[in-house]
Amino acid sequence: MSRIDGRFAELKQSARAGLVTYLTCGDPDPATFSALLAKLPGAGADLIEVGMPFSDPMADGPSIQAAGLRALKAGMTLAGTLALVRGFRAQDKTTPIVLMGYYNPIHRYGVPKFLAEAKAAGIDGLIVVDLPPEHDDELCLPARDAEIDFVRLATPTTDDERLPAVLNNISGFLYYVAIAGITGTHSAAIDGVAEAVARLKRHTTLPVAVGFGIKTPQQAAEIARIADAAVVGSALVDKLAANIGKPGLVDAVLADVNALAQGVRGARP
Amino acid sequence: MPAPNTYRAGPDDRGLFGRHGGRFVAETLMPLILEVERAYDAARGDPGFARELSYYLEHYVGRPSPLYFAERLTAHWGGAKVYLKREDLNHTGAHKINNTMGQILLAKRMGRGRIIAETGAGQHGVATATVCALFDIPCVVYMGAVDIERQQPNVFRMKLLGAEVRAVYSGTATLKDAMNEALRDWVANVADTYYCIGTVAGPHPYPVMVRDFQCVIGDEVKTQMRRAEGRLPDTLMACVGGGSNAMGLFHPFLDDPSVKMIGVEAAGEGVETGRHAASINGGGPGVLHGNRTYLLQDRDGQIIDTHSISAGLDYPGIGPEHAWLHDIERIEYVAVTDREALDAFQLLTRLEGIIPALESAHAIAEAGKRARNLGKDHLLVVNLSGRGDKDIFTVAKRLGVEL
């Protein structure tokens, strides 16, 4: 059982949904990010997505675009991301880490080398936005062989005809993108999301995490009532950005994580 | 691997040309891209679509464009017989409209009520805005803020034509960022929008579709050269940014083994300086904007800034079919500097009274290097992909002239 499977099994046993946080690795600088990452589980993050910065993040809105550029400017690289997670894993053996980003840096690094080092660093899953099932031979299947979960996004445009292809070869969880659009923009109507999650559940036994447009503890709680996890990214990245240069940056972001976790944990009676 | 018996069969059903191409896009876009592919396959097999397209190409775009024997240029170089394919004489002044006309007719068939496009120099933006005006379709063009600054006349043209030009400030604020932003728009407006890509790049089926719409260039050259000289040309030359004008000229000749083809990339200040836009000559394989191809990138796989005097060649990638044709050595790709292109720009203007686009001037420059060493019976065709009126400000600045 992978660390991700284990975490979702625990959540199920506790009869609650999980909180998945997203921050871009090395934002605003490697040292600050590292300090923040180490404290995310304590603040209530059940799973952690770590963004791999990329110069051309096609599916991301302004917040995460800017985060990536800050991280790159601060010298973050894919090798640096792997090293940073390795450091985290030395202290925390239980919180699943999922790397999220785009294919080109991995392609450049070399897939076999990347997977070997990712596994050794204690990375549990990958979300690579621009690798649809049509290209599973590139990274999805090799990741499966390396025992790293390959997590895919399903979207409002993924109809019943296409869904089986999206579900094929994946493990860990399914990430439902609640809006047709980029990260950090508007929020979806909750009824539509509930319907969509129910539809996904008819096709898969994998846990379903819902993200895109979740900003507040109230919204996270609404999602926690209908899905297995709520993913919050841009809102945390915005909080981080608003506190750059201030001594309280880490605590400010952790306070938001804590509030979101309270929302998620209190969602189901 | 044995040589294929045709170079024109690609791509495969996953959109791959060898290892290049494909559909590396976010899941939100996949159903749309599959729909575009289905619609294009249906249109391609429909004589009604072909009739409609050829009607507008003849009566609106002004095709066929002439294949002009450049007598003074030929005499000046003293070698090969030089012909110019006059895409600069098309409506809107470049080859771009061959593609926008095809794609927007397709979008109409698909019932899409809104067109988006990216543009670098503004030529594709103008061609898209033009056809949208003709068919009364709302049009949004994404353009890097840096490009808007250096291509003001085209920005104004697009606005006159009724398009909304949206400035893109993200990343390096140039063509690649405009393409990112157009993809973001499409993801958010999947229901009613058609994305009209301007070159032979992007996710499948765009590279093949844009190629097919541009093949009118090479098809005409074949007929025109037969009429003029009674045989095939010996060498074809075209500039390559994304590579649509080159692919349109080359593709119909790929299976004619006697025809040599040369694609000319932008070497900017010199490939060795790192300030260039030569993806094949100075880049490596990678994945961006939906396809695998040669890209300008750093060791970490981050896309790097490009440089060329010509905004239309200022893109860090190249169409995947070009990448494949390079790999299998069917086409030779070389690079020409800003300086050489500028000299060729002035040479053609003086000798033939034709002001070429700076993009096309790269091909002219390479032709000059080769023509003088070729025999007088050698038939050399250069694709004059666009006219240079848009570039006079850039050229004046480089020559130290104040307008």
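Each chain gets a letter, A, B and so on, in the order the sequences are listed, and its residues count up from 1.
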Handout entry: Separation between CE of Met58(A) and CH2 of Trp186(B), rounded to the nearest 0.5 Å
Key = 12.5 Å
Problem - Test item: Glu138(A) and Arg292(B) side chains (from C-beta on) under 4.5 Å apart, heavy atoms - result: yes
Completion exercise
Whatever's closer than 4.5 Å to a heavy atom in chain B on Ile182(A) counts as both
Exercise for the section: For Glu161(A), look at atom CD and say whether over 12 heavy atoms of other residues, nucleotides or ligands are found less than 6.0 Å away. Expected result: no
Handout entry: Leu34(B) portion near chain A, given a 4.5 angstrom heavy-atom threshold
Key = side chain
Practice task
Select one option (side chain, backbone, both, neither) describing which atoms of Ile106(A) are under 4.5 Å from chain B's heavy atoms.
Solution key: neither
Handout entry: Sub-4.5 Å side-chain heavy-atom contact between Val287(B) and Tyr102(A)
Key = no
Completion exercise
Residues Val190(B) and Ala180(A): closest non-hydrogen pair is CG2-CB, 4.1 Å
Handout entry: Straight-line distance of Leu295(B) CG to Asn104(A) CG, nearest 0.5 Å
Key = 5.5 Å
Exercise for the section: Mark yes or no for whether Arg162(A), through its side chain, and Met30(B), through its backbone, hold a donor-acceptor pair below 3.5 Å. Expected result: no
Handout entry: Structural part of Asp185(B) lying under 4.5 Å from a heavy atom of chain A
Key = neither
Exercise for the section: Indicate yes or no: at least one non-hydrogen side-chain atom of Val166(A) is less than 4.5 angstrom from one of Glu27(B). Expected result: yes
Problem - Crowding at CD, Glu149(B) (>12 non-hydrogen neighbours, <6.0 Å) - result: no
Handout entry: Segment of Phe54(A) engaging chain B (4.5 angstrom heavy-atom cut-off)
Key = both
Problem - From Arg108(A) atom CZ to Gln297(B) atom CD, the distance as rounded to the nearest 0.5 Å - result: 4.0 Å
Handout entry: Expected output: side-chain Gln302(B) to main-chain Ser55(A) donor-acceptor under 3.5 Å
Key = yes
Exercise for the section: Please examine the side chains of Pro62(A) and Arg184(B), heavy atoms only from C-beta on, and report whether any two atoms are closer than 4.5 Å. Expected result: no
Exercise for the section: Working to the nearest 0.5 Å, report the span between CD of Gln65(A) and CG of Asn180(B). Expected result: 7.5 Å
Practice task
Examine whether an atom of Arg299(B) lies under 4.5 Å from a heavy atom of chain A, and if so say whether it belongs to the side chain, the backbone or both; otherwise answer neither.
Solution key: backbone
Handout entry: Pairs of heavy atoms under 4.5 Å with chain A: top-ranked of Leu32(B), Asp298(B), Leu16(B)
Key = Asp298(B)
Handout entry: Ionic contact status for Asp56(A) with Lys176(B), cut-off 4.0 Å
Key = yes
Handout entry: Heavy-atom pair count under 4.5 Å with chain B, highest-scoring of Val177(A), Asp137(A), Leu69(A)
Key = Asp137(A)
Fill in the blank from the handout: By residue number, those in residues 116-136 of chain A with heavy atoms under 4.5 Å from heavy atoms of chain B are Val129(A), Asp130(A), Leu131(A), Pro132(A), Pro133(A), Glu134(A), His135(A)
Fill in the blank from the handout: Whatever's closer than 4.5 Å to a heavy atom in chain B on Asp60(A) counts as backbone
Handout entry: Met76(A) portion near chain B, given a 4.5 angstrom heavy-atom threshold
Key = backbone
Practice task
Return yes if some donor-acceptor pair links the side-chain N/O of Thr157(A) with the main-chain N/O of Pro31(B) below 3.5 Å, else return no.
Solution key: no
Handout entry: Close approach to chain B in residues 187-211 of chain A, criterion heavy atom under 4.5 Å
Key = none
Practice task
Measure distances from Leu288(B) to the heavy atoms of chain A and classify the residue's part below 4.5 Å as side chain, backbone, both or neither.
Solution key: side chain
